[in-house]
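Contents: one structure, followed by commentary.
Here is the naming used below: chain letters follow the sequence lines, and residue numbers restart at 1 for every chain. Just so you know, these numbers come straight off a predicted model, no measurement behind them.
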Amino acid sequence: MTLAIDVAGLDKSFGDKHVVQDLSIQVEQGRICGFLGPNGSGKTTTLRMLCGLLTPDAGSGTCLGFDIIREADQIKRNTGYMTQRFSLYEDLTIAENLQFTARVYGLDRRAQRVDEALQRLGLTARRDQLAGALSGGWKQRLALASATLHEPRLLLLDEPTAGVDPKARRDFWDEIHVLAGQGLTVLVSTHYMDEAERCHEIAYISYGRLMARGTVDQVIAASHLVTFTGQGPDIGRLAHEIGARPGVETVAPFGAALHVSGADRAALEAAIAPWKQAPFAWTEIEPTLEDVFIQLQGQAEDNFA
Amino acid sequence: MSGSWATRVLAVMIKEVKQLTRDRLTYAMMLGLPVIQLLLFGYAINSQPRHLPTAVLVQEDSVFARSILGALDHSAYFDLVAQARSPAELDEMIRQGRAQFAVTIPADFTRRVARGDQAQILVEADATDPSATSGALAALASLPVQALAHDLRGALGPRGQGPAPFEVVVHGRYNPEAITAYNIVPGLLGVILSMTLVMMTSLSLTRETERGTMESLLATPVEPLEVMAGKLAPYVVIGLVQTVIILTLARFLFDVPMQGGWFGLSLGVGLFIVGSLALGFAISTAARSQLQAMQMTMFYILPSILLSGFMFPFRGMPLWAQWIGQAIPVTHFLRVVRGALLKGQGVGDMWRELAALLAFVCVVTAVAMARYRRTLD
């Protein structure tokens, strides 16, 4: 087992905001690791520290075997980083953007590589279009093409599919899995549960701290969360009332059903007891990843807010 | 729709004021700059310079000669700074710009005054900037009558009455007809180059930051000096094209004389273009937005026009303002351009100015590299 990312004790503050606290994370080579957490939880900061765009205040470790502090240059050469906001040149064409990337990384067979990348992403017909004129989905494909042009061994993706339609998202993830199959390690931040489930493993971070780590099943199991789903007429209207009762950590309407979760089984059963009769019907279900994350977020708020 | 037009105007106005107060630097610049500039330029600018450096070549050691020099020194316009030992040395002093005036008192001066035989002294003025010398030259008119008043007594008494005992021959060197364009047009080269070049590169990094492309650029292996060189190179070509256009127009529209000094001029132009671009780049490492970069550029351009000797005679400024002027590259570049075109100065004559420009390039590049952030910290 080779670790592509192996960092420990990362710390980063901006002013008096402690954005990342004592964060340790390992990702095995060739794995796709989903990086999840609420807005402002330190995901972007962590990704930036891993690729040398930010210097950690404390902590140490390696990316691809290179020291993240001393060998940032080597890491940059072997890492593709796709920023949250489109950060290629909007006033250059698609082909010109890729040519620029190819030159900056000093690649050989430049024209050929650019042509191949255009073809692989289905951008050949649009090669002379200005990048700024592209729609969100195409911009994202271009950004991925640019980030992988130099054949990196590590890919850091910062919410790559925000604002992209479902079909483009699916294509994007297929491409990511192909790349991982070739041995590329991917760390991808996202807010989408379906995307999290497409990852080999996930890491959940909140308030700059790592809260959960493992495969989706492991994370769900480790949460010890109990979830009941209730059916009944207008059960959605009860959400507020049930949510206020002790032992209930999350309540979420799902269509005509209501998911009620809590870590303490007895307390949770007591909470829904008043409605445990017709016309309402309750069954215990496997908690979803979303239930777990919302619970984790609540815990983090309790601990650090 | 509810609410009157006044409410909506107020809404926009309040938003505008709030945004303005968030941008503290802009606020400070809008209030602070006018005050600084008013004080700076108000005290510094003086279009009637006095105490101009004057070199003398005295070919006879006599009472009369000493009296004339004394009178010059007392006039407030002339400061005797050097004694030349030969006409060649005197010529070099004025060509290199170390002296604004060169005064020659010829060998037979006393004898000619005594005889009433067309005694003359020669005053050569560096007239490249006509406005710098006009006041002093006007003051020379009274010199012949007053300078020797005390000496012409006894037997020489009659020489003190009637027509002036001697004549001052004034020779305006380099620009004898005192054509302002000869001085202004070469100077414009420096001002136009600074305005365009500094402004262009001052936006170079802030534009990347504002558009978000900086994050991608920093994630690549490109080094700071490589970014700088790559960003500056196209503008070097643009600067050279500008120079050729301006000099061509100067020659054919304004008949600006071109005495030569092409090698020195080329060196100066090259250093100045690179220096201006590097300064712009340094500004863009410090500015947080394109607006700030433009404001900082203006902060540089104004003294470049007002304190460099472009618009007002450099020697007319108080000493502290001259010190500021010395730190502005345009000052040195103007001397190179005017020296080469109007005086035919060679590299040997202008090496101090070239060295100053080279130092500027080095310092500004070092500052830019030190300020360039390789991370987003």
Contacting moiety of A:Phe100, where chain B heavy atoms sit under 4.5 Å: side chain
Turns out that what part of A:Asn97 lies under 4.5 Å from chain B's heavy atoms comes down to neither
If you draw a 6.0 Å radius around [atom1] in [X], do more than 12 non-hydrogen atoms from other residues or ligands fall strictly inside?
| X | atom1 | value |
| --- | --- | --- |
| B:Arg251 | CZ | yes |
| B:Phe263 | CZ | no |
| B:Met369 | CE | yes |
| B:Arg22 | CZ | no |

Residues two or more places apart in sequence or in another chain: which of them pass ring-ring contact (aromatic ring centres under 6.0 Å, His included) with A:His150? A:Tyr105
Report yes if some heavy atom in the side chain of A:Tyr89 is under 4.5 Å from a heavy atom in the side chain of B:Leu217; otherwise report no. yes
Taking the side chain as every heavy atom from C-beta outward, state whether B:Arg374 and A:Asp73 have any pair of such atoms under 4.5 Å apart. yes
When you measure from the side chain of A:Lys76 to the backbone N and O of B:Val222, does any donor-acceptor pair fall under 3.5 Å? no
May I ask you to decide if A:Thr55's main-chain N or O and B:Thr375's side chain share a donor-acceptor pair within less than 3.5 Å? no
Looking only at heavy atoms, which two atoms of A:Arg85 and B:Gly212 are closest? And how far apart? NH2-N, 3.8 Å
Minimum heavy-atom distance B:Ala219-A:Leu53, with the two atoms named: N-CD2, 3.8 Å
Under a 4.0 Å N-O cut-off, is there an ion pair linking A:Arg48 with B:Glu215? yes
Spatial distance of atom CZ (A:Phe86) from atom OG1 (B:Thr213) [nearest 0.5 Å]: 10.0 Å
side-chain hydrogen bond (donor to acceptor under 3.5 Å, both in side chains): pairs with one or both residues in residues 226-237 of chain B, sequence neighbours excluded: B:Glu208-B:Lys231
